[in-house]
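Take a look at the structure below.
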Amino acid sequence: MKLHLSTPSNKLLQNNIQITGSKSESNRSLLLQALYPNINIENLSNSDDAEVMQKGLKIDNGVVDIHHAGTAMRFLTGFFASQEGKEVTLTGSQRMTERPVKVLVEALQNLGAEISYEKNEGYPPIHIKGKNIEENKVSLPANISSQYISSLLLIAPSLKNGLELELVGKITSVPYIKMTLALLAQIGVENTFEGNTIKVSPKPNVESTNLVVESDWSSASYYYSIAALSEVGSEITLSAYKSNSLQGDSVLQELYTEFGVETQFEGNTVVLKKVENPKEQKVQFDLSNAPDIAQTIAVTCFGLGMECHLTGLHTLKIKETDRLEALHTELSKLGANITVTDKELTLSLSEAMNAEVAIDTYNDHRMAMAFAPLAMKIPLYVNDAEVVSKSYPDFWKDLEKLDFQVKTV
Ligand SMILES: O=C(O)C1=C[C@@H](OP(=O)(O)O)[C@@H](O)[C@H](O)C1
Ligand SMILES: C=C(OP(=O)(O)O)C(=O)O
């Protein structure tokens, strides 16, 4: 599906958007619910990734295909490895077979798990024969993906002896690890995270608990971008959010003040207000704790005609696509002056902003959603726009609520 996006000349916005539950919180909660059936989940994400996770958790034997869902791939690896009696082949999309799992597989093997590679060493598809895991200490590199660590932590309380992890190297995407530990605490699992060591106590049973998933902050980023590109005086309200979020991407509240967007909480609704035009011509952010909003921020800066230097982007190369290359290609098509390395992105002042460009999305939901706000400045096309369903199936419908003209072409 190819879409054409444009916006009316009046860029003063006002509307309320209800965003689906966080896919990160949802996929963690679903795994915990599979281990402890008396957990109840509210505001579950309606994303493809949460759907494949739900389906995957119900399979005992055979092939489990998790499509593009990185969290499902990594979390289910830990889950099946620790489930005696289950035996599966875990696989996904073509891209998923290029996203590494070696660090996680080796950690699980060191704990006694039985996992083998079906094609290329270090990558899905993998064959898992579930076992009772009794070893309880392992160390693993922490600078490639935090999802490996979360996967181990999520199964940790169900293991006979709990788990102690030693994280080696610089820890990346830390808020996602803390989110996992916070959810464990919510179901009564004792845990500590001191220095490079995480300890999780065993917990055979959990009392009946309600986990309320907060709406997705990564999805909120596209509205922050729209607000930044709108006229002073615009207001967008998003629900349902918590001021004490578990999601690291809630750092948007601070970052977007650089673009003149202020955030206020009214109960469980956040109000984004464009209060002024940006004061500085350039921003500099380290996004190692919030990698999923890098694309949004790069496009916001380009739309505002600002320079930016984004660092801490080393994980972007192994996500749904190589996001650094994809940003380089697509922003260049629009006329941006952009350079990327394997962990940084620099946007210098651009001469042009080309209209009616067709943005390629590379099977990456965030490429489609990050570029959409640019329609506030120039009409553009988005190729394969259905990719948004990975995390936010209602995205295009919701944009129409903000007077975006979204036409299938
Ligand atoms: O644990 C999670 O829910 C996630 C962790 C992050 O991945 P990395 O730790 O690989 O950066 C993030 O990019 C991804 O969208 C979701
Ligand atoms: C990287 C992402 O997801 P995952 O790694 O779970 O596929 C994302 O949603 O931006």
Side-chain angles (χ1 to χ4, degrees), residues 20-32 45 47-53 56 66-78 92-93 95-104 124 140-154 167 169-184 213-214 216-222 245-249 251 287-297 312-324 326-327 343 361-370 387-393 395:
T20 189
S22 152
K23 83 171 160 73
S24 290
E25 286 183 40
S26 294
N27 280 2
R28 285 164 172 75
S29 303
L30 285 167
L31 193 138
L32 292 174
S45 164
S47 64
D48 291 353
D49 282 16
E51 198 178 304
V52 294
M53 183 76 183
I66 53 66
H67 303 217
H68 297 302
T71 49
M73 181 72 216
R74 279 69 179 263
F75 298 171
L76 289 175
T77 299
S93 61
R95 176 61 180 169
M96 193 54 63
T97 66
E98 298 163 5
R99 297 183 69 184
V101 289
K102 191 170 190 173
V103 165
L104 173 60
L140 72 162
N143 60 345
I144 299 173
S145 169
S146 69
Q147 293 179 8
Y148 308 145
I149 298 155
S150 287
S151 172
L152 295 165
L153 296 176
L154 286 166
L167 307 184
K170 195 167 182 311
I171 310 170
T172 201
S173 302
V174 177
Y176 289 99
I177 298 174
K178 292 193 175 157
M179 174 195 286
T180 308
L181 294 175
L183 286 172
L184 290 180
V213 173
E214 187 190 13
D216 197 281
W217 273 100
S218 321
S219 303
S221 75
Y222 312 112
S245 180
L246 304 181
Q247 298 167 54
D249 286 356
V251 71
L287 295 177
S288 48
N289 278 340
D292 293 357
I293 56 177
Q295 291 145 296
T296 315
I297 291 174
L313 307 183
H314 52 285
T315 61
L316 263 59
K317 292 193 88 62
I318 54 167
K319 298 215 185 274
E320 285 80 336
T321 184
D322 177 340
R323 289 181 171 167
L324 287 159
L327 280 170
K343 53 182 182 302
T361 49
Y362 310 87
N363 289 317
D364 184 357
H365 54 144
R366 301 205 189 286
M367 285 303 286
M369 295 189 285
V387 285
V388 300
S389 62
K390 182 175 193 284
S391 63
Y392 187 178
F395 180 69

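Along the sequence shown, residues are numbered consecutively beginning with 1. No experiment lies behind these values; they were computed from the predicted model shown. Excluded from the calculations below are hydrogen atoms, water molecules and symmetry mates; all remaining heavy atoms, backbone and side chain alike, are included. Just so you know, ligand 1 is whichever comes first in the structure, and atom 1 is the first atom listed for that ligand.
- Among all non-hydrogen protein atoms, the one lying nearest atom 8 (C) of ligand 2 is E320 OE2, 3.1 Å.
- Remark: among candidates Q147, R99, E320, the nearest residue to atom 7 (O) of ligand 1 is Q147, based on non-hydrogen atoms.
- By the 3.5 Å distance cut-off applied to N or O atoms, S150 is not counted among the residues near ligand 1.
- Among protein heavy atoms, atom 10 (O) of ligand 1 sits closest to S145 OG, 2.6 Å.
- Residue R28 touches ligand 1 through its side chain alone, judged by heavy-atom distances below 4.0 Å.
- Annotation: atom 6 (O) of ligand 2 to nearest protein heavy atom, T71 N, 3.0 Å.
- Judged by the shortest distance from any of its heavy atoms, D292 lies inside the 4.0 Å radius around the atoms of ligand 1.
- Here H68 has backbone heavy atoms under 4.0 Å from ligand 2, and that is the only part of it that gets that close.
- Neither the backbone nor the side chain of M73 has a heavy atom within less than 4.0 Å of ligand 2.
- Among protein heavy atoms, atom 8 (P) of ligand 1 sits closest to K319 NZ, 3.3 Å.
- Counting heavy atoms closer than 4.0 Å to ligand 2, residue R323 contributes side-chain atoms (C-beta onward) but none from N, CA, C or O.
- At a heavy-atom cutoff of 4.0 Å, ligand 2 is contacted by the side chain of D292 but not by its backbone.
- Regarding atom 3 (O) of ligand 1, its nearest protein heavy-atom neighbour is S24 OG, 2.6 Å.
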